[in-house]
Amino acid sequence: MHADKKSPRVRFAPSPTGYLHVGGARTALFNWLFARHTGGTLILRIEDTDFERSSDEMVAGILDGMRWLGMDWDEGPFYQSQRLDLYRSTADKLLASGHAYSCFCTKEELEQRRAAATASGQTPRYDGRCRKLTPEESARRLRAGEAAALRFAVPATGVTRFDDAVFGSVEFANEELEDFVLLRSDGIPTYHLSVVADDLDMGMTHIIRGADHISNTPKQVLQYQALGAPLPIFAHVPLILGPDKTRLSKRHGATSVTAYREMGIVPEAFRNFLGLLGWSPGAAGKTADGKDREIFSSDDLVQLFSLDGIARSNAVFDNDKLAWFNTEYIRAYPAERLLPLIEQEWRAAGFTPSRSTEENLRTIDLLKQRARSLKDFATAFLAYFGDAIPFDPAAIAKFLSDAAVRTLLVEMADRYAALAIFDEATTEQTLRAFAEKKGVKAGGLINGARVALTGQAVAPSLFAVMVCLGQSRVVQRLRNAASVPMPI
RNA sequence: GGCGCUAUCGUCUAGGGGUUAGGACGUGAGAUUCUCAAUCUUAAAACACGGGUUCGAUUCCCGUUAGCGCUACCA
């Protein structure tokens, strides 16, 4: 390791024109993982040069989403809107060195020409007419107060190439590139300029971003060359697609990280899932018996992450697999760790538990095996934590619609009330003895009692539920069995 | 349309000139029984197509097809 070898500097540079979506979150994650793996630095930069569409609210949401996923950053957030001087001076350098020129074409003119080109089957591309203007002519018009944008003068011939850590060598013919706008006529930089100026100024060594930027890259490479700067290492990450293999969008359902939090997804589960979308640890991710590992902690991911594990093809976002990760994490986490997350769900549902924290923890441990999401604890499982029972009509119809069963349950309540010891063994003996005496099947009573006690057809072992609920609740709920509303 | 990128089970992927092409999610069947889930066992399921190169291609090359991306004074 050479002392002068720079440690990596990477950035996540979201545009605050929307919420943090899953694609952005994954890009952030890969940058974070890379920085942490290499001991590098992660810079957060807000690309808000599109004033019309950017908002502080979106910035807050993006930062929030990152934190939720357990990511932090070392520098920033920097706002491009506050770094306009840098872009102007960079633009000046480009202008001075003859790599850029003023363009006086108006937006309307350009649109017209574009439309005409398209109509006649031509590839719409800026024709470079202002590039032919003499410096004197440009200066005169500028002095006259004419509005001008600044365009980059793309070489007419040759190719622009770069090495991508994921895709390998990529090259574009310069004649395919148009003279793109660097500075808008209002003096605000476009993305093409600001991204290069900032990446250079901030000393970025690696640019890890979505593959939708591949086509933009030659425009940036040209600027690095014009500025006499060395190229960073580009690593483009394939996109995340919806189930129909088109780019993931709202019509596929939830795309914002916030939405997944609100669905009751455990953040670590989401991060695990995201980390494996478009990246895999290869042989390092095998278990001793040759199977692929699926569960990776944050530390595991940091340790294993490398750019060459990134896939080249797009990946479909699979909700089923995410749900599986979620159940795995819920099951694996101790109740203490789940409780704060569940309390959030309760707050969101306006629910206050009527039992002690200790009881809640025990109950969570009992239920987590069956939970699909954190939401379950604030919906179907509410009967365990409070006094109201969320009766599921389907459950009643299935197991508690028989009046005879209801009557038996009420009668059985007295037996439970008389119990001196209330554990799984005695509660089970009690029920089975009662069933035998009445000449009915124990199963019918068990299923009926389950619904009477929990309101649901799905629950852990009935006797574990009884112990969890406690004697007085069990007795009370059994006595109420007859008055449980019948489904229509 | 032009340019670029990509192509292994339905999905996420491993692999790589000779393999029974591996795993995971999901799906089917069975076991279990106190519901459901879990669990265990088990089954079905892939190298897009066509040419090369090679003793031998899923793997390397070319083409086709398909998908995706870019094609703004958005980022």
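Below, chains carry the letters A, B, ... as their sequence lines are ordered, and counting in each starts from 1. Every heavy atom of this structure was used, including side-chain atoms; hydrogens, water molecules and symmetry mates were not.
- In this structure, A:H213 reaches the bases: a heavy-atom distance under 4.0 Å links it to at least one base atom across the strands shown.
- Contacts of A:G278 with the nucleic acid, taken as non-hydrogen atoms under 4.0 Å apart, involve only primed sugar atoms and P, OP1 or OP2.
- A close approach under 4.0 Å does occur between a side-chain nitrogen or oxygen of A:R184 and OP1 or OP2 of B:rC74.
- Considering only side-chain atoms of A:L277, the nucleotide from B:rC73, B:rC12, B:rG4 that sits closest is B:rC12.
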Protein heavy-atom contacts under 4.0 Å, written 5' to 3' over nucleotides 25-45 of chain B as B (base), S (sugar-phosphate only) or - (none), form the string S--------BBBBS-------
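- Aromatic ring centres of A:H206 and A:F30 lie farther apart than the 6.0 Å criterion allows.
- When each of B:rC68, B:rU13, B:rC3 is scored by its nearest atom to the side-chain atoms of A:A311, the top-ranked nucleotide is B:rU13.
- Among the heavy atoms of the strands lying under 4.0 Å from A:E171 are primed sugar atoms or P, OP1, OP2 only; no base atom is included.
- Taking atom P on both nucleotides, B:rA48 is separated from B:rA66 by 16 Å, rounded to a whole Å.
- At a threshold of 4.0 Å, the pair A:D201-A:R83 counts as salt-bridged, since one of the basic side-chain nitrogens sits closer than that to a carboxylate oxygen.
- Within the 4.0 angstrom heavy-atom criterion, no nucleotide atom of any strand lies near A:T17.
- Checked by atom type and distance alone, the side chain of A:W279 pairs as donor or acceptor with a backbone atom of A:S306 at under 3.5 Å.
- Using the six-membered ring where Trp is involved, A:F234 and A:H236 have ring planes that are parallel, under 30° apart on the 30 and 60° scheme.
- Side-chain to base pairing of A:S185 with B:rC73: one donor and one acceptor N or O lie within less than 3.5 Å of each other.
- Checked against a 6.0 Å centroid threshold, the rings of A:F273 and A:F317 count as neighbours.
- Ranking B:rC74, B:rU11, B:rG69 by closeness to the A:D50 side chain, first place goes to B:rC74.
- Here, B:rG16 and B:rC3 have their P atoms 34 Å apart, quoted to the whole Å.
- Base pairing analysis places B:rA72 opposite nothing; no Watson-Crick or G-U wobble pair with both distances below 3.5 Å involves it.
- Between A:R312 and the phosphate of B:rU13, there is no side-chain N or O to OP1/OP2 separation shorter than 4.0 Å.
- Across the C1' atoms, B:rC9 and B:rA46 are found 4 Å apart, a figure rounded to whole Å.
- Contacts of A:S54 with the nucleic acid, taken as non-hydrogen atoms under 4.0 Å apart, are absent.
- If A:V316 and A:P189 are placed on RNA chain B by their nearest nucleotide, the residue sitting closer to the 5' end is A:V316.
- The nearest heavy atom of RNA chain B to A:A13 and to A:N314 marks one nucleotide each, and the one closer to the 5' end goes with A:N314.
- Residue contacts shown for A:L110 include a base, since a base heavy atom lies under 4.0 Å away.
- Contact between the side-chain N/O atoms of A:R53 and the OP1/OP2 oxygens of B:rA75 is not found at any separation under 4.0 Å.
- A ring-centre distance under 6.0 Å is not found for A:W73 and A:F12.
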